[in-house]
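Throughout, a chain's letter reflects where its sequence line sits, starting with A, and its residues are numbered from 1.
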Protein chains: 2
Amino acid sequence: MSKCEQCIVREFSSLKALNKDELVKLAGCKTSRIIRKGEVIFEEGENVNGIFCIKDGVCKLTKLSPNGKDHIVKLVSKGELLGQRSMISDEPVNLSAVALEDMEVCFIPKTEVMGFFDKNNQFSMNVMKTICGDLKEADSHTVNMAQKTVKERLAETLLHLHDTFGKNEDDSLKIQLSRDELASMIGTATESCIRLLSDFNKLGLIKLVGKKITITDISKLKKISE
Amino acid sequence: MSKCEQCIVREFSSLKALNKDELVKLAGCKTSRIIRKGEVIFEEGENVNGIFCIKDGVCKLTKLSPNGKDHIVKLVSKGELLGQRSMISDEPVNLSAVALEDMEVCFIPKTEVMGFFDKNNQFSMNVMKTICGDLKEADSHTVNMAQKTVKERLAETLLHLHDTFGKNEDDSLKIQLSRDELASMIGTATESCIRLLSDFNKLGLIKLVGKKITITDISKLKKISE
DNA sequence: ATAAAAATATGATATATGTCATATAAATTC
DNA sequence: GAATTTATATGACATATATCATATTTTTAT
């Protein structure tokens with residue numbers, strides 16, 4: 001069992017507030033897991049009873065709509081925590097988590113986290129601020145979905161992927177989503193998504209090579225995203 | 001200055017965790033305000049520096065979209081608190097609050113609330129649970145906006161208004177929204193909203209008398225909302 | 001009470017987006 | 001490495017929704 005004290009990603013999450021003793025205690029009760037691309041970490045409605053700390057990799061948080069389509073609510077990556085809302089609400093998770101790449105995640109049981117929560121004020125404050133940030137973002141998403149066109153949402157999403165995950169040496173977006181996944185992030189049909197990508201390509205805003213997307217004109221994309 | 005101890009609505013919010021001493025202290029620093037229908041409580045981007053406790057009335061929380069349209073993110077009524085997220089994030093508010101009816105609200109300065117927050121565990125836990133509930137709801141809204149049709153969203157919203165605010169003696173919805181406001185809740189053009197209401201009316205799902213809306217077939221509406 | 005303004009309603013039309021069909025390209029399996 | 005499956009791409013068409021125009025009703029102001 002690796003030590004949490006020496007884990008770098010801890011510094012990126014609420015867990016950075018924990019002191020040495022707490023980290024030792026944490027290391028003693030956490031369990032580590034390798035999750036392959038496409039595997040499910042947890043499913044909507046499940047009782048998770050703890051939180052996951054992402055040591056490496058990226059996953060999507062999805063919610064099933066009554067029309068049978070999955071909607072990607074959020075992408076979560078290295079250093080972030082999963083399942084905090086559900087733990088605090090004391091409810092099953094409302095979203096599913098599925099790995100977009102091979103991942104390494106640690107599971108921390110609820111009892112342990114709640115202990116830190118009670119005793120370490122900075123930790124609980126960090127968690128709260130994270131959740132408040134998520135709420136602000138979620139409201140903003142709702143408005144985007146309700147008021148923007150698919151084209152605007154696609155432009156915005158491409159820029160968001162660029163800003164959040166960066167690019168490879170060849171300038172293509174580091175995060176690789178299928179057209180289907182991209183469509184389910186912006187809330188449209190896969191074909192519509194493909195068509196608009198193709199339009200952006202013809203307009204010289206992006207370059208498509210196989211599955212790779214390269215943004216070639218950020219400012220015009222920004223203009224389109226409004 | 002009225003006493004918080006005797007205020008009934010306190011029981012409906014996170015404030016119910018406060019003890020007698022805390023309530024006396026609260027009563028000493030809170031300020032009460034009457035807000036007329038249509039008046040703004042706070043505006044997106046403003047520094048609010050405290051929270052509002054709604055003693056009476058209902059308001060809408062809106063966010064301006066880049067297309068110039070306001071989107072109604074949430075309706076908030078008697079007994080609920082406003083501005084919690086902003087206070088915890090230590091950021092300007094991300095939503096505007098506008099009264100839908102005449103209201104009575106109390107303002108509690110941030111310093112005071114944060115004091116309770118630090119010392120009263122139950123209070124901070126209540127606030128967190130509220131915000132977690134908001135987040136769950138917001139994610140669900142996002143998915144609805146992204147995946148459901150306008151018709152489905154209208155049906156769902158009517159049912160939600162019915163469940164949340166109840167009905168008058170004549171069975172019409174207690175909460176009165178203009179067609180414009182209803183449209184800005186479901187994220188559509190005012191004309192589309194009016195047209196669909198008219199369709200629902202012709203199908204016998206609702207009854208329209210002036211501004212009043214009466215739901216006459218809940219189960220069919222539920223079916224439409226999916 | 002009357003005039004003016006705003007809200008509601010409906011028609012006509014344009015546009016965005018979804019759906020279904022089919023072709024091609026890429027990835028996976030045997 | 002060929003065969004099969006899956007993902008991407010594009011066309012044709014249907015449908016949902018937005019926009020603009022105009023009529024009617026309701027509310028507000030004088």
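- Using a cutoff of 4.0 Å between basic side-chain nitrogens and carboxylate oxygens, Arg85(B) and Asp134(B) are not scored as salt-bridged.
- Here the shortest heavy-atom pairing between Gly68(A) and Leu64(A) reads O-CD1, 3.6 Å.
- Remark: Lys74(A) does not engage Asp139(B) in a salt bridge, criterion side-chain N to carboxylate O under 4.0 Å.
- Of all the residues in residues 142-155 of chain B, not one reaches under 4.0 Å from DNA chain C with any non-hydrogen atom.
- In summary, the side chains of Ser65(A) and Asn67(A) do present a donor paired with an acceptor at a separation below 3.5 Å, with no hydrogens or angles considered.
- Going from atom CG of Leu154(B) over to atom NZ of Lys148(B) covers 11.5 Å, rounded to the nearest 0.5 Å.
- A salt bridge is defined here as a Lys NZ or Arg NE, NH1 or NH2 lying under 4.0 Å from an Asp or Glu carboxylate O, and Lys63(A) with Glu44(A) meets this definition.
- Across all their heavy atoms, Gly133(A) and Ser89(B) have their closest contact at N-OG, 4.4 Å.
- The side chain to side chain contact (heavy atoms under 4.5 Å, CB included) with Val143(A) is formed by just one residue from the set Thr62(B), Ile72(B), Asp70(B), Val73(B); it is Val73(B).
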inquiry  = Protein within reach of the bases, or only the backbone? For nucleotides 7-15 of chain D, mark each nucleotide 5' to 3' as B, S or -, using heavy atoms under 4.0 Å.
reply    = SSBBBB---
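- The backbone N or O of Leu205(B) lies less than 3.5 Å from a partner atom in the side chain of Thr216(B), making a donor-acceptor pair.
- In this structure, the side chain of Ser172(A) does not engage the main chain of Thr214(A) through any donor-acceptor pair within 3.5 Å.
- In the 5' to 3' direction, nucleotides of DNA chain C lying under 4.0 Å from heavy atoms of chain A begin and end at dT17(C) to dC20(C).
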